[in-house]
Amino acid sequence: MLRNLLLNRENWDETALIDDFKKISYRDLALKAIAVQKKLIANQRENIVIFLPNGGYYIEALFGVLMAEMTAFPLNIKLTKYEIIPLLTQASVHTVITSEAFQPIFEDIVRDFA
């Protein structure tokens, strides 16, 4: 359903969202969500953590996860490593979508479990 709403547009150039005063068209949003979806297809049906600040990248990741028919598990970027660990364990998460800025948090978590 979400995929149809995003992909079956009559006017691809309409603004889908505005992020930091930058307009993102439905076409660009769909292309970016499809790119995320393609990356996730190799991963079996699983919960996918989205650890990104609110904005365009978050929406692209969310749409991509949902289009891949997987479960999005959004985490607030204000959470600490010690708050994140039990959530990841409880939700059986193996894949995280994040930015380079937050990558060290998850590298520390992986080291703690190694």
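- No side-chain heavy atom of I48 sits under 4.5 Å from any side-chain heavy atom of F73.
- Residue P74 comes nearest to Y58 through the heavy atom pair CB-OH, 3.2 Å, listed as atom of the first residue, atom of the second, then distance.
- When atom types are taken as modelled, the side chain of T98 and the backbone of F51 share a donor-acceptor pair closer than 3.5 angstrom.
- No donor-acceptor pair closer than 3.5 Å links the side chain of N47 to the backbone N or O of V93.
- Taking OG1 of T15 as the start and NZ of K23 as the end, the distance is 4.5 Å to the nearest 0.5 Å.
- Listed here is the closest heavy atom pair of G56 and I24: CA-CD1, 4.3 Å.
- For the atom pair I50 CD1 and E60 CD, the distance stands at 11.0 Å (nearest 0.5 Å).
- Distance alone, capped at 3.5 Å, is enough to place a donor-acceptor pair between the Q37 side chain and the M67 backbone.
- The shortest non-hydrogen separation linking L52 to S99 is CD2-N, 3.5 Å.
- Enclosure of atom CG in D108 by more than 12 non-hydrogen atoms of other residues, nucleotides or ligands within 6.0 angstrom is indicated.
- In this structure, I18 is not a member of the same hydrophobic cluster as I59, with clusters built from ILVMFWY side-chain heavy atoms closer than 4.5 Å.
- In this structure, K22 does not pair ionically with D19, as no charged nitrogen and carboxylate oxygen lie closer than 4.0 Å.
- Inter-residue side-chain proximity for V65 and T71 is flagged as unmet; no heavy-atom pair is nearer than 4.5 Å.
- At most 12 heavy atoms of other shown residues, nucleotides or ligands fall within 6.0 angstrom of atom CD in Q90.
- Counting heavy atoms from C-beta outward, V49 and T95 have side chains that stay 4.5 Å or more apart.
- Residues V36 and A61 approach most closely at CG1-O, 4.1 Å, considering heavy atoms.
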Listed pairs under 3.5 Å, donor-acceptor, residues 77-86 side chains, sequence neighbours left out:
{"unit_1": "T80", "atom_1": "OG1", "unit_2": "Y82", "atom_2": "N", "d": "3.4"}
{"unit_1": "T80", "atom_1": "OG1", "unit_2": "E83", "atom_2": "N", "d": "3.2"}
{"unit_1": "T80", "atom_1": "OG1", "unit_2": "E83", "atom_2": "OE1", "d": "3.4"}
{"unit_1": "K81", "atom_1": "NZ", "unit_2": "D112", "atom_2": "OD2", "d": "2.7"}
{"unit_1": "E83", "atom_1": "OE1", "unit_2": "T80", "atom_2": "N", "d": "2.7"}

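- The 12-atom threshold is not exceeded at OH of Y57, counting heavy atoms of other residues, nucleotides or ligands nearer than 6.0 Å.
- At a threshold of 4.5 Å between non-hydrogen side-chain atoms, the residues L88 and F106 count as touching.
- F63 and L29 get closest at one heavy-atom pair: CE2-CD2, 3.7 Å.
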